[in-house]
Amino acid sequence: MAYDPNNIFARILRGEIPCKKIHEDDHALAFHDINPQAKVHALVIPKGAYVSFDDFSAKASDAELADYTRAVGQVARQLGADQDGYRLLSNCGVNANQDVPHLHIHIFGGRRLGRMIDKPSA
Ligand code: AMP
């Protein structure tokens, strides 16, 4: 998947589209998902132009990697999701139905989240 500089999260980062911000630091931004699937549903994105987790982990600087990793944990704590538990999810590519081609980690919490993934279809 190629990086599209006009993807919706790139536009949020440029301030062209609003978001309900939760956290921001030098290298990461977190905001509430526009279509929440749970009481807690946040998205954490790096500020750099990375399509997916594998892209980010291969190319990001140590400072980006550190800030992004810390941001995910901080947002989980800030939203209280650490109290009863939460799930991190990052869809990468076609098999995972990634919609937005800018790395994002979903943080889900606030309810029991069920099984990890769909059973394979027969
Ligand atoms: P994915 O399928 O993993 O690429 O997830 C993309 C997520 O982005 C979905 O959960 C959408 O609801 C969410 N989303 C799309 N547009 C926005 C937006 N403008 N603000 C916040 N979340 C968004």
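In listed order, ligands and their atoms are each counted from 1.
- Of all atoms in ligand 1, listed by their number and element, those nearer than 4.0 Å to a heavy atom of Asp99 are 1 (P), 2 (O), 4 (O).
- When each atom of ligand 1 is checked for a heavy atom of His32 under 4.0 Å away, the hits are 21 (C).
- Salt bridge status for Glu24 with Lys47: present, with a side-chain N to carboxylate O gap under 4.0 Å.
- Checking only distances, Ile34 does come within under 3.5 Å of ligand 1, N or O to N or O.
- Residue contacts with ligand 1: Gln37 is excluded, as none of its non-hydrogen atoms falls under 4.0 Å.
- Taking every non-hydrogen atom of Phe31 and a distance limit under 4.0 Å, the qualifying atoms of ligand 1 come out as 21 (C).
- Residue contacts with ligand 1 for Leu89 are absent, since no atom lies close enough (heavy atoms, distance under 4.0 Å).
- Contact check for Leu43 versus Ile105: no side-chain heavy atoms found under the 4.5 Å cut-off.
- At least one N or O atom of Val100 sits closer than 3.5 Å to an N or O atom of ligand 1.
- For atom 7 (C) of ligand 1, the closest heavy atom belonging to the protein is Asp33 OD2, 3.6 Å.
- A donor and an acceptor atom, one from each side chain of Tyr50 and His102, are nowhere located under 3.5 Å apart.
- Checked by atom type and distance alone, the side chain of Glu16 never pairs as donor or acceptor with a backbone atom of Arg11 at under 3.5 Å.
- By the side chain to side chain contact (heavy atoms under 4.5 Å, CB included) test, Asp82 is found to be paired with Arg77, Tyr86, residues two or more places apart in sequence or in another chain being considered.
- Atoms of ligand 1 found under 4.0 Å from any heavy atom of Asn35, numbered from 1 in the order shown, are 12 (O).
- When hydrogens are left out, the protein atom nearest atom 8 (O) of ligand 1 is Phe9 CZ, 3.4 Å; that is the closest non-hydrogen contact.
- In terms of polar-atom proximity, His41 is not counted as a contact of ligand 1, lacking any N or O under 3.5 Å from an N or O of the ligand.
- Side-chain atoms of His106 and His41 include a donor-acceptor pair closer than 3.5 Å.
- Evaluation of the side chain to side chain contact (heavy atoms under 4.5 Å, CB included) rule for Arg115 yields Lys119 as partners, not counting sequence neighbours.
- At least one heavy atom of His106 sits closer than 4.0 Å to an atom of ligand 1.
- For the residue pair Asp25 / His23, a side-chain donor-acceptor distance below 3.5 Å is found, with atom types taken as modelled.
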Please walk me through it: do Phe53 and Tyr68 pass ring-ring contact (aromatic ring centres under 6.0 Å, His included)?
CA-CA 11 Å; Phe53 197 87; Tyr68 187 61; 7.2 Å; no
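- Protein heavy atom in closest approach to atom 1 (P) of ligand 1: His104 NE2, 3.1 Å.
- In summary, the atoms of ligand 1 found under 4.0 Å from a heavy atom of Asn97, numbered by their order in the structure, are 2 (O).
- Although no hydrogens or angles enter the test, the distance criterion places a donor-acceptor pair under 3.5 Å between the side chain of Asn7 and the main chain of Asp4.
- By heavy-atom distance, the residue among Ile8, Leu103, Asn91, Asn7 lying nearest atom 19 (N) of ligand 1 is Ile8.
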